[in-house]
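Accompanying notes for the structure given below.
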Amino acid sequence: MTEGTSQTAAAAAPLGIAKAATHSASTQCFKGNAKAALGDRDLQNALKFVEVNFIARRQEVADRLPEFEALRDAARDIKDHTLAYLDLYLEAYERRMTEQGGNVHYAVTAEDARNIILDICRKLGARAVTKGKSMVAEEIGLNDFLDANGIAAVETDLGEYIIQLRHEMPSHIIAPAVHLTKAQIEGDFRRAHSDLPRERNLEEPTSLLAEARSVLREKFLAADVGITGANFLVAETGSSVIVTNEGNGDLTATLPRAHIVLASIEKVVPTLEDLAQLLRVLARSATGQEMSVYTTLTTGPRRAGDLDGPAEYHVVLLDNGRSAMLGGEFRDMLRCIRCGACMNHCPVYHAVGGHAYGWVYPGPMGAVLTPALIGIDQARDLPNASTFCGRCEEVCPVRIPLPKMMRSWREREFERHLSPAAARWGLAFWAFFAKRARLYRLATAVAARLMALAARGRGRFRHLPLASGWTRHRDFAAPQGATFQSQWQARRGAARGNADPPGEQGARP
Ligand code: SF4
């Protein structure tokens, strides 16, 4: 970063990089995005990190803690209890926070939240803002909004800083730049940091880190306002909690004149004891650590006698569609603690990465949450971006039934005629037979026989009408032998025969 540039320009200037080509910024283009992602060699190389590292690390720490499964049950119960009494716990949080000298603002919509934050910044005459990582800030498009209003916001989490340089969205909720290779990041730094000497070695991750730190240090010291998200809000004490591995959240919260916490309403938990239980499953599920490096509780502004801390402390509580989820079938999604384990274990995410999902929340949690927040008509492909292997639910620390909820979204998509006509007709055709068991058995037996004959002993098809989407990329196996149903019946008959005492075979209904 050029020294001596004005604060606003300096913070906004990292940029100087043409808007990077993300696969798309639209949730409606999942298929096109996914196709582009599959052909992106850099992305495919970068994504191996997720599959190889996150899964093994989580398994290792989970295996080391005998009570891990019991902790997951407790975490689910804490979140369920809080959601059942959310209004009461939000009021309790507000009361405690206000007693500590902070201000609580409720924002019904994303626009409300943006305006509240702008208002606070304007009253303080703020020109430069530092930000700790916050998915809710991404959700409401805060950086662009502040920028359009003459306030430069700089991300201070390393991954977020990198994607801000590239004008991209995070591709993962805990590892925002996981889609990038080291060489790509070095290229971004060389383009954006105009005073970076050419001979400076940036090949090691530590040297990239040192370079980012030297730029961000200036930003921390110059910021008027610090904005962080919150992993949790504690009703008992009025505290907001951030969990990081870099310590950037602490500097963002304590150095500027004002600290704004931006959090969605479901982040509240009743007590510090509950917080401790949730923290034990969060880091293990997210990064495979027993605890994150920094877990910081902030409770209001600086008090008399404190050596540091902000003079003003504001908490903006965002609803943005969440209270509407409370009474419905997607309520369990509000248990989410944003650990990222579901995407770390998702074969679709491994193949296409986070940008293919087109918005802030990728992977299985995004496939459920995004339609709830922006509408299924805007995100109809996302619930279909799943093989229903069930791994997301298996690893979710708060046991959210993600596949079940994706299925519910698919049903709504079908009911509203949002799916393509060919898919709807195909399903209707199948349903006609599926509702008539005998006819279904007969039709599948005849079809299997005809297909076996048509394959002429090769056992596979290179081309198959109505299945060209499949045969364009791979052969289609021809049915071999009896259908599943007839094999199942034969096996069940054999099992009954073995279990029945002599002379009673076939006597059961
Ligand atoms: S849905 Fe579960 S696994 Fe996925 S991010 Fe949320 S808490 Fe983690």
Side-chain angles (χ1 to χ4, degrees), residues 50-51 53-55 57-59 61-62 68-69 71-83 133-136 138-139 159 169-176 178 229-232 241 243 263-269 274-275 277-289 292 322 325 329-350 353-354 357 359-373 379 382-383 385-409:
V50 177
E51 194 172 350
N53 290 282
F54 281 136
I55 294 178
R57 288 182 197 166
R58 177 197 170 274
Q59 194 59 51
V61 287
F68 186 62
E69 293 305 314
L71 270 177
R72 289 176 65 195
D73 289 339
R76 174 200 56 207
D77 295 346
I78 290 167
K79 291 294 286 186
D80 267 346
H81 167 81
T82 316
L83 291 172
K133 183 168 171 291
S134 160
M135 295 308 291
V136 174
E138 301 281 351
E139 180 183 323
M169 281 190 295
S171 65
H172 189 289
I173 60 172
I174 62 159
V178 77
N231 292 86
F232 303 100
V241 186
V243 174
S264 47
I265 52 174
E266 81 281 11
K267 295 288 172 69
V268 72
V269 296
D274 295 326
L275 170 69
Q277 302 242 33
L278 289 161
L279 287 173
R280 292 185 77 194
V281 292
L282 174 61
R284 286 180 167 87
S285 304
T287 49
Q289 295 165 284
S292 301
R322 287 163 174 86
M325 291 168 70
E329 62 183 314
F330 300 104
R331 175 183 132 142
D332 289 348
M333 193 62 227
L334 295 173
R335 293 206 297 261
C336 177
I337 56 173
R338 307 287 191 270
C339 69
C342 55
M343 58 201 77
N344 293 344
H345 290 74
C346 175
V348 177
Y349 183 94
H350 293 164
Y357 294 78
W359 200 49
V360 184
Y361 301 109
M365 59 83 73
V368 175
L369 185 61
T370 303
L373 296 183
L382 301 190
S386 170
T387 62
F388 279 170
C389 66
R391 291 172 84 189
C392 50
E393 184 175 355
E394 258 172 48
V395 296
C396 175
V398 281
R399 303 195 189 281
I400 298 176
L402 292 156
K404 180 174 148 237
M405 287 193 282
M406 281 186 256
R407 208 158 30 237
S408 296
W409 278 126

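Atoms within each ligand, like the ligands themselves, are counted from 1 in listed order.
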Would you mind running through ligand 1 and noting each atom that sits below 4.0 Å from a heavy atom of Gly340?
5 (S), 8 (Fe)
Considering residues at least two apart in sequence or located in another chain, which fulfil the side-chain hydrogen bond (donor to acceptor under 3.5 Å, both in side chains) criterion with Ser264?
Glu266
So, taking the atom named CZ in Phe68 and the one named CD in Gln59, what distance separates them when rounded to the nearest 0.5 Å?
9.0 Å
Proximal protein heteroatoms (N, O or S) of atom 2 (Fe) of ligand 1, under 2.8 Å
Cys396 SG
Side-chain atoms of residues 332-344: list all donor-acceptor pairs with protein atoms under 3.5 Å, sequence neighbours left out, distances to 0.1 Å.
from: Asp332; atom 1: OD1; to: Arg335; atom 2: NH1; distance (Å): 3.2
from: Arg335; atom 1: NE; to: Val398; atom 2: O; distance (Å): 2.9
from: Arg335; atom 1: NH1; to: Asp80; atom 2: OD1; distance (Å): 3.1
from: Arg335; atom 1: NH1; to: Asp80; atom 2: OD2; distance (Å): 3.3
from: Arg335; atom 1: NH2; to: Val398; atom 2: O; distance (Å): 3.1
from: Arg335; atom 1: NH2; to: Arg399; atom 2: O; distance (Å): 2.6
from: Asn344; atom 1: OD1; to: His172; atom 2: NE2; distance (Å): 2.6
from: Asn344; atom 1: ND2; to: Gly340; atom 2: O; distance (Å): 3.4

Short side-chain to backbone donor-acceptor contact, Arg72 and Cys396, under 3.5 Å
yes
Side chain to side chain donor-acceptor pair (under 3.5 Å) between Glu139 and Tyr361: does it pass, once the steps are laid out?
CA-CA 8 Å; Glu139 180 183 323; Tyr361 301 109; 2.6 Å; yes
Under the side-chain hydrogen bond (donor to acceptor under 3.5 Å, both in side chains) rule, collect the residues that match up with Glu51, sequence neighbours excluded.
none
